[in-house]
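This report refers to the structure that appears directly beneath it.
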Amino acid sequence: MTRKVIDCLVNVHFGETASQPEFMRKVRDDYFKGPKSLYDQVELPALLDEMAEHGVEKAILMDNLVKPSVTARQFAEERPDKFALAIGGVNLLRPMPSLRELTSVVAGLPVAYAAVGPSFWGDGMYPPSDAVYYPLYTKCAELELPLCINTGLPGPPIPGEVQNPIHLDRVCVRFPELKLCMIHGADPWWDLAIRLLIKYANLRIMTSAWSPKRLPASLLHYMRTRGKNKVIFASDWPVLRQSRVVPEALALDLPPEVLDNYLYNNADEFFFGPKGS
């Protein structure tokens with residue numbers, strides 16, 4: 001049976017850079033052991049074909065304020081029925097110009113969420129509980145724009161402590177209006193992340209960059225019980241292809257309604273539902 005899918009994290013911008021930075025090459029070569037072609041230019045027909053084959057009705061493409069992705073914005077413009085954008089690159093140390101630009105981009109483009117990776121900027125020195133994030137939290141809450149934050153130890157050899165989910169505890173307390181999602185799982189802090197998901201109504205988790213067959217038993221148990229509406233599917237394409245992760249997700253030991261929520265309904269509600277929901 002074909003199920004509807006929303007893939008909430010797809011990278012089509014890799015091929016726009018002649019040479020990836022060293023840490024990205026290490027992710028490809030050492031962490032995922034991917035082919036050299038992993039960061040090649042993406043062609044729209046090929047991506048649409050892979051989506052159609054696996055029931056992916058919509059994909060959210062990573063974009064950036066500092067270096068906008070020509071490919072992502074072109075795909076979103078050509079096929080607004082199939083693509084939305086995720087916007088990163090907010091300068092948290094000099095936030096006001098970035099936040100004005102973010103407001104403008106959200107007004108003019110189909111933006112599903114903003115994104116930030118604590119390990120990937122500022123030398124990994126600023127956890128999400130630091131006040132430097134507060135202008136971004138305030139702006140996203142004001143715009144009713146979901147914000148996705150990397151959690152779990154990152155693949156590249158860069159500092160990872162700032163991505164411990166415990167730092168979101170204070171954030172959720174201080175910004176209950178903010179729609180917040182942990183992305184790239186939460187390894188090795190899965191159980192802590194689940195406890196936070198139980199505790200806070202405004203918090204979700206996305207399994208991007210995780211092979212579904214590698215998800216921990218504790219998360220699958222949570223999905224079957226108290227977390228039916230809390231866990232969101234994504235691939236991190238092309239690092240993990242839809243051709244791999246969608247079949248793996250379909251093979252999980254989950255009730256049909258839980259699987260439908262995981263693959264489609266939870267993302268549809270959280271990222272594309274009506275404002276104020």
Looking at every heavy atom in both Ala234 and Leu9, which two are closest together, and how far apart are they?
CB-N, 3.6 Å
Rounded to the nearest 0.5 Å, the CG atom of Asp260 sits from the NZ atom of Lys4 at a distance of 8.5 Å
Decide yes or no on side chain to side chain contact (heavy atoms under 4.5 Å, CB included) for Glu269 and Asn229, but give the supporting numbers first.
CA-CA 9 Å; Glu269 181 275 329; Asn229 303 318; over 6 Å; no
Among side-chain atoms of Arg174 and Tyr137, is any donor-acceptor pair under 3.5 angstrom?
no
Any side-chain heavy-atom pair of Val162 and Trp121 under 4.5 Å:
no
Tell me whether the rings of Tyr113 and Phe271 are parallel (<30°), tilted (30 to 60°) or perpendicular (>60°).
tilted
Do Val231 and Ile198 belong to the same hydrophobic cluster, where Ile, Leu, Val, Met, Phe, Trp and Tyr are linked whenever their side-chain heavy atoms lie under 4.5 Å apart, directly or via other members?
yes
For the residue pair Glu101 and Leu65, what are the closest heavy atoms and their distance?
OE2-O, 3.6 Å
Quick one: do the Thr71 and Gln41 side chains pair a donor with an acceptor below 3.5 Å?
yes
So which heavy atom on Ile149 is nearest to which on Pro128, and how close?
CG2-CG, 4.1 Å
I'd like to know if Leu48 and Tyr264 are part of one continuous hydrophobic network [Ile/Leu/Val/Met/Phe/Trp/Tyr, side-chain heavy atoms within less than 4.5 Å].
no
Hey, is the main chain of Gln242 close enough, under 3.5 Å, to the side chain of Glu50 for a donor-acceptor pair?
yes
Does the structure place the NZ or CZ of Lys230 under 6.0 Å from the centre of the six-membered ring of Tyr222, at an angle of no more than 45° from the ring's axis?
no
Reported CG-to-CD distance for the pair Leu263 and Glu57, which is rounded to 0.5 angstrom
11.5 Å
Measure across Ile60 and Cys8 and return the closest heavy-atom pair with its distance rounded to 0.1 Å.
CB-O, 3.5 Å
Are any non-hydrogen side-chain atoms of Trp190 and Leu215 less than 4.5 angstrom apart?
yes
Please check if Phe83 and Val56 belong to a single hydrophobic cluster, counting links between Ile, Leu, Val, Met, Phe, Trp and Tyr side chain heavy atoms closer than 4.5 Å.
yes
Approximate separation, where rounding is to 0.5 Å, of Leu99 CG and Leu143 CG:
9.0 Å
Lys179 side-chain N/O to Phe270 backbone N/O, donor-acceptor pair under 3.5 Å:
yes
Without swapping roles, check the side chain of Asp63 against the backbone of Ala86 for a donor-acceptor pair under 3.5 Å.
no
Tracing side-chain links under 4.5 Å among I, L, V, M, F, W and Y, which residues wind up in one group with Val70?
none
Taking all atoms of both residues into account, what is the closest heavy-atom pair of Ala249 and Leu259, and its distance?
O-CD1, 3.4 Å
Evaluate Ser98 against Asn91 for side chain to side chain donor-acceptor pair (under 3.5 Å), listing each step before the verdict.
CA-CA 6 Å; Ser98 285; Asn91 183 344; 5.4 Å; no
Same apolar cluster (I L V M F W Y, side chains within < 4.5 Å links), Leu240/Ile232
no
Tell me whether Val111 is reachable from Met206 by hopping between hydrophobic residues (I, L, V, M, F, W, Y) whose side-chain heavy atoms are closer than 4.5 Å.
no
CD1 of Ile205 to CG of Leu219: how many Å apart, nearest 0.5 Å?
6.0 Å
Could you measure the distance from the CD atom of Glu248 to the CG atom of Leu250? Nearest 0.5 Å is fine.
10.5 Å
Are the side chains of Trp189 and Leu196 in touch, meaning some heavy atoms are under 4.5 Å apart?
no
Worked check of side chain to side chain contact (heavy atoms under 4.5 Å, CB included) between Val245 and Trp237
CA-CA 9 Å; Val245 294; Trp237 190 99; over 6 Å; no
Do you know which of Met125, Glu161, Gln163 makes side chain to side chain contact (heavy atoms under 4.5 Å, CB included) with Ser119?
Gln163
Within-4.5 Å side-chain heavy-atom neighbours: Leu61 and Ser69:
no
Give every residue pair that meets the side chain to side chain donor-acceptor pair (under 3.5 Å) criterion with at least one member in residues 192-208, sequence neighbours excluded.
Asp169-Lys199, Asp169-Tyr200, His184-Ser208, Thr207-Tyr262
Got Thr138 and Phe175 here, is their nearest side-chain heavy-atom distance under 4.5 Å?
yes
Please examine the side chains of Pro238 and Arg241, heavy atoms only from C-beta on, and report whether any two atoms are closer than 4.5 Å.
yes
Where Tyr133 and Tyr126 come nearest, the two heavy atoms and their spacing:
OH-O, 2.8 Å
Can you tell me how far CG of Asp236 sits from CD1 of Ile183, rounded to the nearest 0.5 angstrom?
8.5 Å
With a 4.5 Å limit on heavy-atom distance, are the side chains of Leu197 and Met182 in contact?
yes
Is the count of non-hydrogen atoms from other residues, nucleotides or ligands lying under 6.0 Å from Asp123 atom CG greater than 12?
no
Walk me through it: do Val90 and Val116 pass the test side chain to side chain contact (heavy atoms under 4.5 Å, CB included)?
CA-CA 8 Å; Val90 173; Val116 64; over 6 Å; no
Surrounding CZ of Arg224 (heavy atoms of other residues, nucleotides or ligands, distance under 6.0 Å), is the total greater than 12?
yes
Contact check, side chains of Asp7 and Met51, non-hydrogen atoms, under 4.5 Å:
no
For the pair Ser129 (side chain) and Leu168 (backbone), establish whether a donor and an acceptor sit closer than 3.5 Å, ignoring hydrogens and angles.
no
